[in-house]
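The next block holds one structure in the form of structure tokens; read it before the comments.
Fair warning: this is a prediction, and the values are worked out from it, not measured in the lab. Just so it is clear, the values below take in all heavy atoms, side chains as well, and ignore hydrogens, waters and symmetry mates. Every chain is numbered from 1, with letters handed out A, B, ... down the list of sequences.
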2 protein chains.
Amino acid sequence: MSSIQLLLSVFFLIIFSSCLPTTQYKIPRLGAFPKNIHRAEPQTSSKSSSRDLVTFYYTQTLDHFNYKPESYTTFRQRYVIDFRSWGGANTSAPLFVFFGAEEDLDDDLDAIGFLSDNAPRFKALLIYIEHRYYGKSIPFGSRKEALKNAETLGYLNSAQAMADYAAVIMHLKKKYSAKNSPVIVIGGSYGGMLTSWFRLKYPHIALGALASSAPILYFDDIAPQEGYYSIVTKDFKETSESCYNTIRESWGEIEKIASKPNGLSILSKKFKTCYPLNRTFELEDFLDSIYAEAAQYDYPPEFPVSIVCGGINKASAARTDILDRIFSGVVAYLGNRSCYDMNEFNYPDTDEWRWQTCSELVMPIGHENNSMFPPAPFNLKNYIKDCKSLFGVLPQPRWITTYYGGHDLKLILQRFGSNIIFSNGLRDPYSSGGVLNNISDSIVAVSAVNGSHCLDIQRASPGDPHWLVIQRKIELKIIEGWISKYYTDLLEFKDQTPF
Amino acid sequence: MSSIQLLLSVFFLIIFSSCLPTTQYKIPRLGAFPKNIHRAEPQTSSKSSSRDLVTFYYTQTLDHFNYKPESYTTFRQRYVIDFRSWGGANTSAPLFVFFGAEEDLDDDLDAIGFLSDNAPRFKALLIYIEHRYYGKSIPFGSRKEALKNAETLGYLNSAQAMADYAAVIMHLKKKYSAKNSPVIVIGGSYGGMLTSWFRLKYPHIALGALASSAPILYFDDIAPQEGYYSIVTKDFKETSESCYNTIRESWGEIEKIASKPNGLSILSKKFKTCYPLNRTFELEDFLDSIYAEAAQYDYPPEFPVSIVCGGINKASAARTDILDRIFSGVVAYLGNRSCYDMNEFNYPDTDEWRWQTCSELVMPIGHENNSMFPPAPFNLKNYIKDCKSLFGVLPQPRWITTYYGGHDLKLILQRFGSNIIFSNGLRDPYSSGGVLNNISDSIVAVSAVNGSHCLDIQRASPGDPHWLVIQRKIELKIIEGWISKYYTDLLEFKDQTPF
């Protein structure tokens, strides 16, 4: 695999960090995820219908960290409120605030159930805030203008997004007379990073954070670069040793055929590609994407890894050709189609999320030697070169650890900060960059051995496995503890002279 | 006093928030401060001479929170290192980092003794970093260009300055192999705000902060607006009741004379103004400034308030005219001159610090009814109007409390954060916006009843009063505690698998 090929692969992977498969069109194909949502139907009491959700727009400052006249430019930031369970003004009932991430907020409203499932228990006001530059929260008048170039994209970064959230929450606390209401911020994946960082940077606004599947250690040199693919490998191996072996051997087979005369044409036919392959990598990257996505969203009850391996193993029983077996896995995962688009998992070069990964969110992910993938270490030099040619700017791979930290996390935070849950599913490849051990009494890790990416904050369903029910219960208990301690503090505090 | 007059007065006052009287030319006139420095001569061991200080420049990013191509513009940020006491590379000996504020770093190097006085005890490396846009750390090539307009001034704010400090410290920890060295950040006044906010925002970089005379609560609606002038009043009243009464009565007398035909001319003569007065307010503002400055820097052994009151009271004994007595106070404070410039304490409209107060650092300071000053409540509307006309931008009076917090400080921080000393002198008018009570075991207040603005971080002198020696000892003991706890943690941490 050439370094540019690797780069593309890494780009693609990083795009995956969402709680949802990022593009809308991929969701139905994932299988487990949308069905999981629909299974929640019986719980009508906690299911949000659009009737219950009220959409608002906040006039948001474009640049919080500059005071040039053009920094005062504003844009309309969307947020959605669910009032149904709220205790009401001046009751100090909590606010649960969901931090949108690199997706349209509508996707979250469908999938994220943690807030609505638990609102009645806490009498919480539910607030979902969309991340700048996504969905309907677009500066510069249109998405086209906003994504035009580095000049307009420059304002898209995590620090600005968190300042947005701070401004919206302060506004709402005032608007709804909720001065003393504790705020719990909830998010997953990149949104989970944002919630944990927000509790650290804005403790005066958020009492606590639930950071689901937040790989805050997958930056700089903290987590091992091969972590992601080693977990994908483990997931497949645990699901089916023979499936794992087939995949591991398939890459050599692909290269072997590709090196033949008409090799690419043979491969194109074998994999029913919609367009003839130009490079072997197109196919490799396509397969890589399927395995990574299946592992990341290996949700019950379908378990996509089992679906892929089911396809591969079924074919193994009938045929001996390795690549036919691999193709059978593709069909099992994506469905039977007239052709397969090798670009299905690729994102446009000027995509918002690619911008974010090309500026500050540089997650160094590579393939290790012992994975079921061909070795391909992360190559920062090429990564930088590629970003430079895409956007004309240099990535800042050390900025995240400068602004948010991450190195020696326990040493730093065991005597600083409080009230963060880092929840992870250990089958999630991104858990390799997650916080998996308790830092202190109140900065804690809640991991589920069988969990996958952001599963705990998805809508609960009667069919959920016991361990998932338990994981959520633990999280709720902890949050309840924060809130009840806060109420005690508040009472004491109100008895004193205001500080 | 008209609202515009009040505005100017408030502007002027805010300019005063430095540890040093801000303009160079004022220092000799303050009396106590420069002498205090010279008294330190005998302690040659802790006195820095320019020989011991090495000056460096760091290539600093202009905009840390945007990734537009022009944000990558850099400027040369000055920092100065004192290596004399340092334990050396890989010894984990601490770094003491002084945060420059709204002044030339050279001024700090002369006056701030806390670092050099205590370096040998801690084997500390001393680092003094200049604040962007001040001294020799000027973006855009020249001060003239940097201060040109809001476009170039836009990058001058506290969040950018703190990110600068983070970048420089990370750079130096690497450069001097000081990965495990604990960092203690030290600053006074606005620089003290920066250190306390820095410990809260960058706990992974600074282990602790000494925030001397940092009025972090003088924002939004937290501290009472009349706090500043009520302490000026108290200082004068405690020093001399008759002096206080004379000043209190003088304003009416000024207005009375001003209302006469040729009143301004009479006043001009009486106060030997260098140019004829155009408005009564010029004189009122000039006197206001003298009293405020004397109170703020009421340092031993001279105690400027005593000097002013000495002049007033001496004249009282000889004459009965109130304004002659007031003038005598002026002469005592500023020295016998051929004339007095009523603009002596005014700053140019396009000054850096005025920009900062006109953008984010909006400190609402007014005169209360019971002070020795004429009533003049803070008028935000006019303040905003004035800033708008000066710079073309609107001040953001709520941004500081949004980004850094401040409301309900004890409620928020008693279970969050650690290792901050808020030190104050209670004779300092700005202590009315300071943190004067302990927040938690390790976020503590160290106040000296007789102390004034930033006195504790000035160079120690054999003649220092006992209470000042004690205040510094307490601060050192606390810092020593943080560091020794950190070393214990570090040992334990190194025994574990890296996180």
Side-chain angles (χ1 to χ4, degrees), chain A residues 63-72 150-151 153-157 159-160 163 166-167 170 200-205 217 355 359-360 391-394 396 398-399 401-419 435 437 442 485-486 489-490 493 496 498-499, chain B residues 63-72 150-151 153-157 159-160 163 166-167 170 200-205 217 355 359-360 391-394 396 398-399 401-419 435 437 442 485-486 489-490 493 496 498-499:
Chain A
D63 192 344
H64 299 278
F65 302 102
N66 200 315
Y67 298 93
K68 301 202 279 191
E70 65 262 37
S71 309
Y72 287 72
E151 200 66 33
L153 280 163
Y155 306 89
L156 168 54
N157 59 63
Q160 299 280 4
M170 298 272 280
L200 289 172
K201 297 278 189 198
Y202 295 85
H204 50 288
I205 299 181
L217 305 180
W355 162 263
S359 45
E360 61 173 1
F391 295 107
V393 300
L394 293 173
Q396 303 294 316
R398 306 201 57 174
W399 172 247
T401 49
T402 300
Y403 192 54
Y404 301 111
H407 290 103
D408 300 343
L409 202 68
K410 190 178 169 66
L411 180 65
I412 302 297
L413 294 185
Q414 67 185 350
R415 297 190 195 279
F416 184 95
S418 56
N419 299 2
V435 177
N437 293 98
S442 72
K485 200 172 266 179
Y486 167 80
D489 288 349
L490 188 65
F493 182 76
Q496 296 166 7
F499 208 79
Chain B
D63 192 344
H64 299 279
F65 302 102
N66 199 315
Y67 298 93
K68 301 203 279 192
E70 65 263 36
S71 310
Y72 287 72
E151 200 66 34
L153 279 163
Y155 306 90
L156 169 55
N157 60 62
Q160 299 280 5
M170 298 273 278
L200 290 171
K201 296 279 188 197
Y202 295 86
H204 49 288
I205 299 182
L217 305 179
W355 163 263
S359 45
E360 62 174 0
F391 296 108
V393 300
L394 293 173
Q396 302 294 315
R398 304 200 58 172
W399 172 246
T401 49
T402 300
Y403 192 54
Y404 301 110
H407 289 104
D408 299 343
L409 201 68
K410 190 179 170 69
L411 179 66
I412 301 298
L413 294 186
Q414 66 186 351
R415 297 190 195 278
F416 184 96
S418 54
N419 299 1
V435 177
N437 293 99
S442 71
K485 201 173 264 177
Y486 167 81
D489 287 350
L490 187 67
F493 182 76
Q496 296 166 7
F499 209 77

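- Ring centers of A:Phe65 and B:Tyr155: at least 6.0 Å apart, outside the cut-off.
- The aromatic rings of A:Trp399 and B:His64 lie parallel to each other, with less than 30° between the two planes, well short of the 60° mark.
- If you measure heavy-atom distances from A:Ile205 to chain B, the contacts under 4.5 Å come from the side chain alone.
- Side chains of A:Asn66 and B:Asn66 form no contact here, defined as non-hydrogen atoms less than 4.5 Å apart.
- Heavy atoms closer than 4.5 Å to chain B are found in both the backbone and the side chain of A:Glu360.
- Nearest heavy atoms, A:Pro69 versus B:Glu151: CD-OE1, 3.9 Å.
- What you find for B:Thr402 and A:His204 is that their closest heavy atoms are O-NE2, 2.7 Å.
- If you measure heavy-atom distances from A:Gln160 to chain B, the contacts under 4.5 Å come from the side chain alone.
- Shortest non-hydrogen contact noted between B:Thr401 and A:Met170 is O-CE, 4.1 Å.
- A:Ser359 contributes no side-chain N or O that, together with a main-chain N or O of B:Tyr67, makes up a donor-acceptor pair within less than 3.5 Å.
- Smallest separation of non-hydrogen atoms from A:Ser418 and B:Phe416: N-CD1, 3.7 Å.
- Taken to the nearest 0.5 Å, the CG atom of B:Leu200 stands 10.0 Å off from the NZ atom of A:Lys201.
- Between chain A and the residues B:Ala166, B:Pro203, B:Ala159, the largest count of heavy-atom pairs under 4.5 Å involves B:Pro203.
- Neither the backbone nor the side chain of B:Asn419 comes within contact range of chain A; no heavy atoms are under 4.5 Å apart.
- Of the residues considered (A:Leu156, A:Leu413, A:Leu411, A:Leu490), A:Leu411 shows the highest number of contacts with chain B, using heavy-atom pairs under 4.5 Å.
- Using cut-offs of 30° and 60° for the angle between ring planes, the B:Tyr202 and A:Tyr403 rings count as perpendicular.
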